[in-house]
Each structure stands twice: as C-alpha cells, then as structure tokens.
Amino acid sequence: MSMDQSLQESKTRGSFLFPFERYHTEDDVGSFYVSCHWHPDVEILYLRRGKIQISLNGETFLPEAGTIIFINREVIHQLHSLEAGVLYDAVVFPLEFLSFDLMDYCQQKYLLPLIQKKLVFPTFLRPGNPGYDRVREQLDLLTKLHQTFPEGYQFATKTALFQILSILIEHNALIPTSRLSLPGEKRLETMRAMISYLADHHAEPLALEDVAAHFYMAPTYLCRYFRKNFGCSFTRYVNTIRLEEACRLLSETSLPVMEISLRCGFGNLSYFTRLFKEKRGVTPSAYRKASLLSVPDTTAVSVSEVSASPTASAAPTPPESAPDMAQV
C-alpha cells in the first residue's frame, strides 16, 4: 500500500500567500477530543493548562502542563482532554513556508533536510529543557500577533518561527531520522487508509464485519488493531468522527437536528442526543445555541478541532487591507 495524497487532511492553512494558522482551545467541561488525522504540515502545540492524552503514530503520551509538543509532518495524531480546564494553543504551517528561493547555507543545512524528513523536530520541549523559555516566548509572541494583527504581522510571524528554529538548532535539538527507531511505514499506511475510509463513509452504516472485510482482516483482529493503534474501540472511534461532523453542521448550518443526526450516520435521534450530551456535556440544540453566541477571540480552528469542543473559538478576520491575505 503506497502513500496516497487523498488520505491527508484536506484543510488549507491560512491563504495561498500566507499558509499559517493558529488554533486556540479551551475545554471547560473535559470533553475535548480530536480524532486521528495527519497532515503534511508541522504543528507546534503549547499546553498551557490541564492534562491531555496525545497519541503520535499509535504511541500514547501524557504531557504535563507547560509542555511544548512538536508534531512532525505526516505523523498520525489524536488527543483528548483528561480533565476540565484544558487550555492550549497550536500553530500549523508547511515547512515550505520558511523555505528560501536561494539555496544558501541555511536552506541546505537545515530547511531542506527538514522538508525531506532527514531531520525532525523533537517531540517534546519541557520546562527546564535548554531553550524552553525562549521558544515559549516566541509562541506567546505568535499569540499576540494573531490577536492584534499589527501592520506587517505576516513578516513578524515568519520571524518568530525562524527564531524557534534557530533556538532548536543552537541547542542541537533537531534530530536526524537516521538515529530514530521509526514505526513501520506499512503500519502507518494502513492507519492512514482506515482514517480516510471511515471519514469518507461515516454517514453510512459501518458494520465491524464489513470494515474488517474491506481491509482483509478478521473482525476480532480489527478490534484489537484499533485498541492497539488508535487507543480506543472501533465503535468509539466511529462515534467520535460522527460527533465531530455533527458539531460542524450544528455550528455552520441551520439544518434540523434530526437531519444532522441522519447525515452523520446516526439512525436514531434519541441515541444521537444521548451520546452527544454524554460526550460534549450539552445537548445538540444547546451546542448550536452556544456556538451562535460565542464571540471569536484569537484563533482559527480546523474542522476536526473546533467541532470537538463547545468552547473552541473561531478565527478573527485579518485586516482587509493586507493584500497578501486574499483567500483563494
């Protein structure tokens, strides 16, 4: 099974001329959940408060508050909160965003190897690690830039990202992939294929036996595979992606709750409502009302991330006068 570009998350970051987005998430009820996904971009997540569980290529971690997490390109990841009060910020961008037209020393020594995955970012930067305080300062600066959008904030954004990269280089924190014990590509491709298949067919009946047959697995093996590689049961994973889509439709459309339930693969409205309240802490109608009343404050949140949390905020509109921010 070869890598298929259609399996990637299709979210476009920012705009064609400024492919960068910042995400801000607050979870007041402890129900935040982002299902498995992957993308060709780098993601830097700063866990400001609370406890989360994050899975990277099937390996589970429990980072403490204050941890900075680097999610390298094409890493399959998911996360969920372990308590109420979780607060984190993340920035997502393609490495090509930092690339130079001129093949100079920096491009050849650092940027090109990162783009080619010969170098990768460290997975975690924790309080007390060399360079931690300086990297955190740059992440705080990115937060401020994308709250206020001062003139030239696009240039300042790239400068902050270069500063982070420079700090990591100074402390020899970039890791050659030749030194890593990486998971088998075949296993990752199977995971990516499952993520894509279930996302594409979430509105249809998804019997365990049928999905297992599609991937030439026995149903009992598929159950074990999900628990080992996705950290949850097959049923929970399917319900999660269905609820994420339901949250998106509740926030972005005026479709009746019954129709949303059917569109997301829930054949029974009462079951949908009960499951939604159990996982999100509110009913579908209350979620819709809260999303309509919420005021954008600091961020842009991708579909998979905003839909999982009633308190995830939406993006403010950058200044219209900035000609390089035209949406495409």
Side-chain angles (χ1 to χ4, degrees), residues 13-14 18-25 39-50 52 54 56-57 61-75 77 79 87-150 152-180 182 298-300:
R13 310 295 173 192
F18 193 69
F20 172 94
E21 291 222 49
R22 174 182 166 268
Y23 304 103
H24 173 80
T25 299
H39 42 68
D41 309 313
V42 170
E43 183 169 349
I44 307 175
L45 188 154
Y46 177 25
L47 180 59
R48 295 182 179 274
R49 185 180 69 216
I52 65 170
I54 186 168
L56 304 171
N57 281 341
F61 302 93
L62 300 172
E64 297 180 353
T67 302
I68 298 169
I69 305 166
F70 292 87
I71 302 174
N72 286 287
R73 58 193 313 178
E74 297 178 353
V75 168
H77 53 287
L79 66 89
L87 170 64
Y88 77 80
D89 290 300
V91 297
V92 186
F93 58 94
L95 281 168
E96 291 79 2
F97 180 52
L98 303 180
S99 188
F100 299 107
D101 287 337
L102 178 66
M103 182 58 73
D104 63 1
Y105 182 87
C106 297
Q107 179 79 2
Q108 186 176 42
K109 180 72 173 179
Y110 303 111
L111 290 171
L112 195 58
L114 282 168
I115 291 171
Q116 296 173 341
K117 296 198 295 185
K118 295 178 180 178
L119 283 176
V120 294
F121 292 93
T123 303
F124 300 108
L125 193 63
R126 298 180 174 89
N129 288 158
Y132 171 85
D133 290 335
R134 293 163 62 198
V135 171
R136 185 190 60 191
E137 288 173 2
Q138 295 303 316
L139 292 174
D140 288 339
L141 174 60
L142 287 170
T143 294
K144 183 176 180 180
L145 287 170
H146 289 264
Q147 287 175 332
T148 59
F149 297 106
Y153 74 93
Q154 301 94 333
F155 197 92
T157 294
K158 295 190 76 167
T159 301
L161 294 176
F162 277 121
Q163 286 280 12
I164 291 173
L165 183 56
S166 176
I167 294 164
L168 294 175
I169 291 170
E170 177 184 341
H171 293 285
N172 297 311
L174 298 182
I175 305 170
T177 51
S178 60
R179 287 169 33 195
L180 297 175
L182 299 175
T298 62
T299 126

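Computed from a prediction, not measured in an experiment: that's the story for all the values here.
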Side chain to side chain, [X] and [Y], heavy atoms closer than 4.5 Å:
X	Y	answer
L112	M103	yes
L47	I54	no
Y46	L142	no
Y88	I69	no
Y23	D89	no
H171	N129	no

Could you note down all residue pairs passing side chain to side chain donor-acceptor pair (under 3.5 Å) where residues 132-142 supplies at least one of them, sequence neighbours left out?
->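 Listed by first then second residue: R48-D140, R134-E170.
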Heavy-atom closest pair, residues [X] and [Y]:
X	Y	answer
K109	L119	O-CD1, 4.1 Å
I52	P63	O-CD, 3.6 Å
Q108	P113	O-CD, 3.3 Å

Identify each donor-acceptor pair in which a side-chain atom of residues 90-102 lies under 3.5 Å from a protein atom, sequence neighbours left out, and give them as a table.
from: E96; atom 1: OE2; to: R73; atom 2: NH2; distance (Å): 3.4
from: S99; atom 1: OG; to: Q107; atom 2: OE1; distance (Å): 3.4
from: S99; atom 1: OG; to: Q107; atom 2: NE2; distance (Å): 2.8

Any donor-acceptor N or O pair under 3.5 Å, side chains H24, T143 =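 Note: H24 and T143 side chains miss the donor-acceptor criterion.
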